Amino acid sequence: MKSNPPLELSYGLATCQFGNVVIAFADNCVHYLSFCIIIANAYDEIRALFPSTKLSMDETKTKLLTDIIFSKNEPIAVCPHGTPFQIAVWTALQNIPKGTTVSYSQIAHEIGKPNAVRAVAKAIGSNNIAFLIPCHRVISKNGGLAGFKWGLELKKQLLLWETNNL
DNA sequence: ATAAAGGCCACCC
DNA sequence: GGGTGGCCTTTAT
């Protein structure tokens with residue numbers, strides 16, 4: 001991570017229809033969102049990602065945000081942290097309309113680096129704001145789902161849910 | 001500094 | 001179908 005880390009963040013664990021989610025946020029802006037398989041490790045990644053940030057737990061606000069994101073399905077601001085290249089890729093992802101998918105090479109074109117396909121894939125895989133930065137909408141050009149940090153089954157479910165909740 | 005590894009894709013059998 | 005090589009960035013040595 002190269003951009004300036006936040007001085008302090010609130011964070012918490014909540015449940016949604018896709019399982020447990022961990023969120024770190026400040027001022028209604030989400031800095032981190034992850035699906036959580038092992039509760040015991042829920043906060044390890046946040047700590048690793050923001051080693052010098054003051055973290056304070058706020059389960060109430062976390063539940064509120066989870067509700068906004070996964071139940072009300074309303075837009076919410078994100079503050080991604082990454083290298084300029086990663087930010088460019090993640091920004092491009094946010095322009096993918098809900099309920100549609102694109103290929104990795106389309107994103108590469110979008111950011112003006114048509115040959116950086118593999119680099120794009122890597123940047124997408126290292127996205128720290130799951131769902132809000134819709135890395136699940138990027139699939140393989142041959143029609144396959146390609147990969148997903150939490151398994152292809154969840155990727156499929158997210159896409160399905162989106163097409164049914166436009 | 002250098003090497004190796006990617007959530008890929010186009011191209012060849 | 002399956003292998004292979006190359007694109008560019010990040011991460012590990």
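In this text, all values refer to a predicted model and were calculated from it rather than measured experimentally. The sequence lines fix the lettering, A, B, ..., with proteins before strands; numbering per chain opens at 1.
Among the protein residues, Val138(A) comes within range of the nucleic acid bases, having at least one heavy atom under 4.0 Å from a base atom. Within the 4.0 angstrom heavy-atom criterion, only backbone atoms of the sugar-phosphate kind lie near Ala116(A); the bases stay farther away. Lys122(A) comes within contact range of at least one nucleobase, with a heavy-atom separation under 4.0 Å.
A side-chain donor-acceptor contact under 3.5 Å links His136(A) and Glu162(A).
Judged by distance alone with a 3.5 Å cut-off, no donor-acceptor contact links the side chain of Arg118(A) to the base of dG7(B).
Between the CZ atom of Phe85(A) and the C1' atom of dT9(C) there is a distance of 6 Å, rounded to whole Å. Nucleotide dA10(B) holds its P atom 10 Å from the CG atom of Asn142(A), rounded to whole Å.
Listed pair Ser126(A) / dT10(C) fails the phosphate criterion, with no side-chain N or O lying under 4.0 Å from OP1 or OP2.
Ring-centre distance between Phe25(A) and Tyr11(A): not below the 6.0 Å cut-off.
Using a 4.5 Å cut-off on side-chain heavy atoms (C-beta onward), Phe148(A) and Lys156(A) make no contact.
Within 6.0 Å of CG on Asn164(A) lie more than 12 heavy atoms contributed by other residues, nucleotides or ligands.
Scanning DNA chain C for stems, defined as runs of 3 or more consecutive Watson-Crick or G-U wobble pairs whose donor-acceptor distances all fall under 3.5 Å, gives the following ranges: B:1-6 with C:8-13, B:8-13 with C:1-6.
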